[in-house]
Amino acid sequence: MTGPAALLWDVDGTLAETERDGHRVAFNGAFEALGVPWRWDAERYGALLAVAGGRERLLHDMAARDDAPATPDERLALARELHARKNAIYAELVGGGRVPLRAGVRELLEECRTQGLGLGIATTTSRANVAALLEGHLGAAWPAWFGVIVCGEDVARKKPDPAVYQAALHGLGLVAARALAIEDSPAGVAAARAAGVPVIVTRSVYFATGELPGALAVGDGLDQPATWHPSPAAAATGRVSLDDLRRWHATGEHAPD
Ligand code: XBP
Ligand code: MG
């Protein structure tokens, strides 16, 4: 057994619960600021999360509205403007560590650092949004925590396309089987699996139920070991630990795709 050489983190929903009270609220703030009468309630936003990427989500929503601009060019221009405003509001909302890291995330990040396991980020959101979220928690030197950071602007296609994972592997010089991804959503799992990267899932509020085919292990949060399948050996730490990740990763080495 060689074990994983790096843990690749999804951001939204995995490092922190940023969607319902972060991105969604910021989108609504952008609608209001630009005099657009649309609002996304928590339920509607949950359905829209099937579309990865904020600008893509806006365009998808506009396609179903009869009060959206008439031409594709006008819709794209509005989506760009709304998205830029949304991200400015989002940075305010999450900046300064105002949205906490999910329980157990910091411990696992630190365990990886202590034990020499590489860390990476593979996300659909922008680097500016990742910075807004992480600076308050990890400090201005947050990028130094990660051997590779791949964000939405670095790839041509967002999750569930494997591009962010392929770029992260390339950046770390690893074959897929030596990495382990941690995700919260079906699109994220699909992206990792399409890149051949083994993946575990820490369910988030918007993806609390539902099948996640291809995941090595699934649970409700790193701090809730009793909810995970397969079971972690949580007795010692009361949380999912790097040893659990190594054990799950080993089960994937012989599993068919
Ligand atoms: C989740 C997403 C993102 C965010 C919004 O990304 O789908 O689109 O909702 O981010 P991940 P942007 O879980 O891969 O981090 O508005 O910056 O696209
Ligand atoms: Mg996610």
Side-chain angles (χ1 to χ4, degrees), residues 7-31 40 42 44-62 76 78-95 99 101-102 105 119-134 146 148-168 181-195 197 199-208 210 212 215 218 220-222:
L7 184 59
L8 302 180
W9 290 81
D10 170 53
V11 173
D12 294 300
T14 300
L15 282 174
E17 282 285 7
T18 50
E19 294 288 9
R20 188 185 57 196
D21 304 327
H23 289 292
R24 183 186 71 87
V25 173
F27 276 115
N28 286 333
F31 294 145
W40 288 342
R44 172 78 184 135
Y45 191 70
L48 287 169
L49 282 178
V51 181
R55 200 158 40 81
E56 293 81 354
R57 195 167 296 140
L58 283 162
L59 288 167
H60 173 85
D61 188 57
M62 281 188 220
L76 187 56
L78 179 58
R80 286 205 171 114
E81 204 181 346
L82 284 167
H83 194 231
R85 185 62 72 99
K86 182 279 279 185
N87 283 336
I89 298 170
Y90 176 82
E92 291 283 316
L93 281 175
V94 307
V99 169
L101 298 178
R102 290 186 66 189
V105 163
L119 292 170
I121 283 180
T123 180
T124 283
T125 200
S126 64
R127 188 177 174 113
N129 285 349
V130 180
L133 176 71
L134 290 185
F146 302 95
V148 70
I149 300 168
V150 184
C151 302
E153 64 262 46
D154 301 323
V155 291
R157 288 170 307 280
K158 295 179 178 176
K159 299 174 187 177
D161 191 279
V164 280
Y165 279 105
Q166 289 163 341
I182 179 164
E183 278 281 357
D184 71 306
S185 71
V189 171
R193 294 309 299 134
V197 176
V199 56
I200 65 166
V201 176
T202 176
R203 289 186 183 277
S204 58
V205 286
Y206 273 125
F207 302 105
L212 291 157
V218 179
D220 288 349
L222 294 170

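Each ligand, and each atom within it, is numbered from 1 in the order the structure gives. Values below: all heavy atoms of this structure, side chains included; hydrogens, waters and symmetry mates excluded.
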So, do [X] and [Y] sit near enough that their side-chain heavy atoms are less than 4.5 Å apart?
| X | Y | result |
| --- | --- | --- |
| V99 | L93 | no |
| L7 | I182 | yes |
| T125 | H23 | yes |
| D154 | V164 | no |
| F207 | V189 | no |

Nearest atoms (heavy-atom pairs only) where [X] meets [Y]:
| X | Y | value |
| --- | --- | --- |
| L133 | A16 | CD1-CB, 3.9 Å |
| Y90 | G22 | CD1-C, 3.7 Å |
| Y165 | A122 | CE2-CB, 3.6 Å |
| V130 | C151 | CG2-SG, 4.2 Å |
| D184 | S204 | OD2-OG, 2.6 Å |
| R20 | V25 | O-CG2, 3.6 Å |

Pull out every atom of ligand 1 sitting under 4.0 Å from any heavy atom of [X], numbered as shown with elements.
| X | value |
| --- | --- |
| N129 | 17 (O) |
| A52 | 7 (O) |
| H83 | 12 (P), 16 (O), 17 (O), 18 (O) |
| S126 | 17 (O) |
| V11 | 15 (O) |
| K159 | 14 (O) |

What part of [X] sits under 4.0 Å from ligand 1 if we count only heavy atoms: the side chain, the backbone, both or neither?
| X | value |
| --- | --- |
| R57 | side chain |
| T124 | both |
| T123 | both |
| E183 | neither |
| Y45 | side chain |

Salt bridge flag under 4.0 Å for residues R44 and D61: yes
- prompt: Do D10 and K159 sit within salt-bridge range, that is, some charged N less than 4.0 Å from a carboxylate O?
  reply: yes
Quick one: does [X] get a heavy atom under 4.0 Å from ligand 1?
| X | result |
| --- | --- |
| R55 | no |
| E56 | no |
| G152 | no |
| S185 | no |

So is there a nitrogen or oxygen of [X] less than 3.5 Å from a nitrogen or oxygen in ligand 1?
| X | value |
| --- | --- |
| D12 | yes |
| G54 | yes |
| G53 | yes |
| D184 | no |

- prompt: Would you say D184 has an N, O or S atom lying under 2.8 Å from the Mg ion (ligand 2)?
  reply: yes
- prompt: Is the Mg ion (ligand 2) less than 2.8 Å from at least one N/O/S atom of E19?
  reply: no
task: Distance to 0.1 Å, residue and atom name: give those for the protein heavy atom nearest to atom 11 (P) of ligand 1.
output: D10 OD1, 2.9 Å
Protein heavy atom at shortest distance from atom 10 (O) of ligand 1: T125 OG1, 3.0 Å
- request: Determine which of the N, O or S atoms in D10 is closest to the Mg ion (ligand 2) and give its atom name.
  value: OD2
statement: The atom name of the N, O or S atom in D12 nearest to the Mg ion (ligand 2) is O
field: Winner among E19, H23, R24 once heavy atoms are compared against atom 9 (O) of ligand 1
entry: E19
- request: On the 0 to 90° scale, with breaks at 30° and 60°, tag the W40-F31 ring pair as parallel, tilted or perpendicular.
  value: perpendicular
- prompt: Do the rings of F27 and H83 sit parallel, tilted or perpendicular, given the 30° and 60° boundaries?
  reply: parallel
